[in-house]
Structure formats: C-alpha cells, structure tokens
Amino acid sequence: MALAGCHVMAKPGGSVCNIDCTYCFYLEKEALYPERHNNWRMSDETLEAFIRQHIAAQSSDCVNFAWQGGEPTMMGLPFFRRVIALCDKYANGKKTEHALQTNGLLLNDEWARFFAEHGFLVGLSIDGPAHLHNQYRVNRAGKGTHDQVMAALALLKAHRVEFNTLTVIGRHNVDHAREVYEFLLAAGSRYIQFIPLVERMSSDVTSTLNLVMPGESAATLAPWTVPSWQYGQFLSQIFDIWVRRDVDNVYVQMFAVALAAWMGQPPVLCVHAETCGHAFALESNGDLYNCDHFVYPEHLLGNIHQHSIQSLNNSERAMAFGEAKRKTLTAECRCCDYRFVCHGGCPKHRFAVSPSGHPGHSYLCAGYQHFFQHITPVMNAWREMLNQGYPVPAIMQWLAVEKRKAGKETGRNAPCSCGSGKKFKKCCG
C-alpha cells in the first residue's frame with residue numbers, strides 16, 4: 001500500500017556555501033562528490049525530474065518544497081523562477097508551497113520581492129546577538145556575519161515575507177537562554193526553531209570525512225557540541241518565559257512538540273516521532289538519501305534519474321530505516337515516562353551508553369528528561385484546560401493566578417518559588 005507522501009529537502013547547490021561556519025556538518029560533504037567541484041549546480045534536467053516526481057509522490061492537494069544547502073540562494077534568482085514555472089507546469093491542480101533556508105547574505109530587494117510574490121516561507125539562520133552569532137557563523141575571511149543577517153531580516157520584514165528563525169544551540173550560546181530568546185523577539189521573530197548542535201569527530205586519520213556517520217564508535221565529541229543537561233536547562237528557562245507571556249503570539253517549535261504530545265496529537269517534528277524514514281535529502285545530482293543527517297554512501301537510496309521518488313519512498317530500505325528508530329530503543333527508553341513525547345530523539349544522536357550500560361542511547365537524554373520533567377506540571381494542567389474547551393492562551397491566565405496565590409504564601413524577600421534564585425519581589429512577585 002502506498003504511503004501518504006514524503007518530505008524532500010532539496011539541496012540544489014549541494015554543500016556549496018558562501019560562509020564558513022566552523023560547526024557545519026554539511027560543508028565537508030563535498031568530499032563525497034569530488035567530480036562536482038567545478039559543476040556543483042543542479043542541472044535543469046535534474047530540477048525538472050525532481051519537481052515532477054515530488055508532486056507525483058504526494059497524495060495530498062498541497063505539495064511542500066524545501067530548499068536548503070549549502071546556501072541555496074547561490075543558485076541565483078533565475079533558478080528559482082524556473083522552479084515556479086516547473087511547478088505550474090506539473091502541479092496538475094495541486095497547490096505548491098515553498099520554504100527556503102538561508103544565511104541571508106545574498107538577499108536584496110529583488111530576492112525579497114520574489115519571496116513575497118510567490119509566498120515563500122524563509123528560514124533565516126541566526127544564533128543570537130552578535131557576540132554569540134559571530135563565534136562560529138563567519139565568512140571565508142573569518143569575519144562575523146551578524147550585521148549582514150540582520151540586514152536580511154530587515155529586508156524580509158520590509159517586504160512582508162513570512163519568515164522564521166533557526167538558532168543552533170551549542171556550547172557557545174547554551175548559557176545565554178534568556179538573552180538569545182529576547183534578542184530573537186526584539187528582532188521580530190515570531191516563529192522560532194532551536195536546533196541542538198551535536199557532532200562527533202573521527203579518530204581515524206584516513207577517514208574521508210571528519211564528522212562521523214551516526215553509529216560509528218571511533219569518534220570523540222566535537223568541542224562545539226552542546227552539553228546535554230545544559231540544553232534541557234536552556235529550553236526550560238525559555239519555556240518559563242514563553243508559557244507565562246508569549247503563548248498567544250510566539251511559536252517555538254520544541255514547545256509545540258511537547259503540547260502536541262501531551263494532547264495525543266501527531267508529532268510536529270520528525271526528531272520526536274515514533275518512526276522516521278520518509279524525510280529525505282536530495283543532492284544536486286539527483287542522489288536521494290535517507291535523511292539530511294545521514295548523507296553517507298551507506299544511506300544512499302538511489303538516484304531520481306533511475307528510480308522515482310515515489311518508488312524510493314515506498315522501498316524496503318526507506319521503511320526499514322524508519323522502523324529502526326522504534327525498534328532500536330534502549331531498555332531505559334522503552335520504559336521512560338517521557339517516551340510518548342521524546343521517542344528516543346534523533347537516531348543521529350544515539351551514540352551514548354545508557355545508565356544500565358546499553359549502547360545506542362541518546363546523547364541528549366539527560367537534557368530532554370530535565371526539560372520534560374520541568375514542564376510536566378504545567379503541561380498536565382494545560383491538557384486538562386484544553387480538554388475542557390479553554391483556548392490555548394488560557395494557560396497564561398492560569399499561571400498568573402497561581403503566581404498570585406504563591407505571592408500570598410511567599411514573603412517578598414524570600415527566594416522565588418520559580419527557582420530563579422532571585423528574591424520573590426524581584427522575580428515573579
């Protein structure tokens with residue numbers, strides 16, 4: 001029986017990028033395609049095959065295209081005008097929508113007008129204020145890119161382009177939760193994604209790639225990797241602000257994941273779905289991989305010039321990859337109170353050893369557990385409110401009432417009950 005559809009992250013320029021982020025796991029993938037050094041652009045033939053096949057592979061009336069890289073804007077505007085023309089040609093009555101992830105450096109008025117005209121959702125990568133962003137997101141000369149990203153953000157707002165922000169959370173910014181969050185809000189972001197930075201470096205000097213394939217044991221943590229527990233603390237600190245103040249006007253992807261799980265709804269992010277295997281990465285030559293984090297020869301499903309996306313999506317290899325996410329959970333994961341929301345996290349991160357000695361445990365387990373434990377009282381109350389028919393933002397009023405009750409029981413000079421370490425009168429009071 002055919003599957004409902006699939007997601008394809010298309011990388012029309014492969015790993016080619018105009019900045020040199022130290023932590024980027026994709027830049028070095030150019031070593032897998034040495035023959036494309038001088039011909040890195042997706043051909044018109046491959047583009048047309050992709051658009052035709054991707055539309056045909058979807059059973060719904062709305063088809064979503066995701067463009068990434070590398071840096072996809074390096075393909076130039078004519079390429080994306082061709083994208084629109086081909087979508088019109090092959091839509092066959094379906095609606096097509098586009099999302100594009102960019103570092104923002106090449107954006108100008110012409111790009112912004114194009115995005116606005118064709119309803120692109122633009123994801124802009126920014127790691128917080130300049131002193132945090134510029135630690136890793138630098139150009140080829142080693143200079144920070146923050147000013148250029150902020151200029152791009154201003155362009156998107158000026159042209160009323162729908163955008164979200166993608167913030168990588170690593171050792172460089174994990175201790176600055178409130179600062180990062182308030183900066184993003186002040187910049188105008190209302191759709192926020194936090195991506196934990198977890199990479200391992202090969203200890204094999206003969207290896208083609210420095211960052212190892214998930215599952216390999218001969219590796220050490222990259223120095224920029226986010227400490228697990230601190231990542232959970234980062235999310236918890238921001239959640240405490242968001243759930244009391246911003247629920248009705250700010251979307252934070254990880255908090256949407258939690259709310260959906262508590263309400264028994266389908267996950268909004270593949271990382272925390274029970275299975276995966278149908279969110280593919282497409283290289284510029286038409287090679288289709290199991291996942292963006294598994295662009296390694298061992299996970300190549302095939303090439304769209306020989307096999308259709310629909311057939312690859314329904315292949316035994318794709319299904320087995322997705323089912324392995326559920327079947328390879330450690331004993332601790334299987335009996336964890338938070339399995340319903342976490343499902344063991346991304347397979348890429350399952351290289352740790354569990355407390356009882358089982359391999360294949362999520363490196364981020366401690367962080368996820370800390371976060372989910374922290375939000376449980378609020379989420380349980382929120383679920384009850386929603387089941388009784390209250391609107392989603394009602395949680396803020398409920399928490400305000402609880403705060404006032406706590407104030408009556410807490411002296412103004414006593415430590416605040418929220419755990420901030422401040423006096424009650426300087427915090428929730």
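Since the structure is predicted, the reported quantities are computational estimates derived from the model, not experimental observations. Below, each value reflects all heavy atoms present in this structure, side chains not excepted, and no hydrogens, waters or symmetry copies.
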Taking side chain as C-beta onward, heavy atoms only, is Ser125 less than 4.5 Å from Arg137? yes
State whether the side chain of Arg334 and the backbone N or O of Leu329 hold a donor-acceptor pair below 3.5 Å, judged by distance alone. yes
Donor-acceptor side-chain pairing of Glu332 and His361 below 3.5 angstrom: no
CG of Asn92: more than 12 outside heavy atoms within 6.0 angstrom? no
Ring centroid separation for Tyr289 and Tyr296, is it under 6.0 angstrom? no
Result for side-chain contact (heavy atoms from CB on, under 4.5 Å) between Phe194 and one of Thr165, Val168, Leu184 points to Leu184
Is Asp61 paired with Lys95 through a side-chain N to carboxylate O contact shorter than 4.0 Å? no
Donor + acceptor pair across side chains of Tyr191, Gln253 (<3.5 Å): no
Are Phe239 and His370, when compared by the centres of their aromatic rings, separated by less than 6.0 Å? no
Does a side-chain heavy-atom distance below 4.5 Å link Phe163 with Lys157? yes
Report yes if some heavy atom in the side chain of Leu269 is under 4.5 Å from a heavy atom in the side chain of His272; otherwise report no. yes
Validation: residues 393-400 side-chain donor-acceptor distances under 3.5 Å, sequence neighbours left out:
none

Polar side chain donor-acceptor pair, His7 to Asn64, under 3.5 angstrom: no
Inspect the surroundings of CZ in Phe340 and state if more than 12 heavy atoms from other residues, nucleotides or ligands are less than 6.0 Å away. yes
So, His131 versus Glu179: side-chain donor-acceptor pair below 3.5 Å or not? yes
Looking just at side-chain N and O atoms, do Thr73 and Glu71 make a donor-acceptor pair shorter than 3.5 Å? yes
Atom CD in Gln53, atom CD1 in Ile304: separation rounded to 0.5 Å? 5.0 Å
Is it true that Asp240 and His374 share a donor-acceptor pair across their side chains at a distance under 3.5 Å? yes
Would Asn173 and Asp127 count as having a side-chain donor-acceptor pair, cut-off 3.5 Å? no
In this structure, CD of Glu199 is separated from OG1 of Thr220 (nearest 0.5 Å) by 12.0 Å
Arg245 with Glu182: basic N within carboxylate O range, under 4.0 Å: yes
Ignoring hydrogens and angles, state whether a donor on the side chain of Thr167 or Gln193 is under 3.5 Å from an acceptor on the partner side chain. no
In this structure, is the centre-to-centre distance between the rings of Phe371 and Phe234 below 6.0 Å? no
For Val392 and Met385, run side-chain contact (heavy atoms from CB on, under 4.5 Å): C-alpha distance rounded to whole Å, both residues' side-chain angles, the deciding distance at 0.1 Å, then the answer. CA-CA 8 Å; Val392 170; Met385 294 173 67; over 6 Å; no
Does atom CD of Glu316 have more than 12 heavy-atom neighbours from other groups under 6.0 Å away? no
Tell me if the aromatic rings of Tyr136 and Tyr23 count as close, with their centers under 6.0 Å from one another. yes
Scan side-chain atoms only and decide if Asn313 and His278 contain a donor-acceptor pair under the 3.5 Å cut-off. yes
Check for me whether the distance between the ring centres of His146 and His133 falls short of 6.0 Å. yes
Do Arg190 and Tyr251 come within less than 4.5 Å of each other through their side chains, counting heavy atoms only? no
Taking atom types as modelled, find out whether Asn103 and Asn18 have a side-chain donor-acceptor pair closer than 3.5 angstrom. yes
With a 4.5 Å limit on heavy-atom distance, are the side chains of Thr102 and Phe115 in contact? no
Salt bridge flag under 4.0 Å for residues Glu30 and Lys11: no
Exam field: side chain Arg350 to backbone Tyr363, donor-acceptor pair closer than 3.5 Å: no
Under a 3.5 Å threshold, yes or no: a donor from one side chain and an acceptor from the other, between Tyr338 and Thr376? yes
Heavy-atom distance under 4.5 Å between the side chains of Arg171 and Val226, does that happen here? no
Spatial distance of atom CG (Leu105) from atom CE (Met74) [nearest 0.5 Å]: 10.5 Å
Testing the 3.5 Å rule here: is there a donor-acceptor pair between the side chains of His349 and Ser362? no
Any chance the side chains of Trp67 and His98 put a donor and an acceptor closer than 3.5 Å? yes
Side chains of Asp287 and Tyr33: closer than 4.5 Å at any heavy-atom pair? yes
Neighbour count above 12 (heavy atom, 6.0 Å) for Arg160 CZ: no
Flag the pair Ile55 / Lys94 as yes when at least one side-chain heavy-atom distance between them is below 4.5 Å, and no otherwise. yes
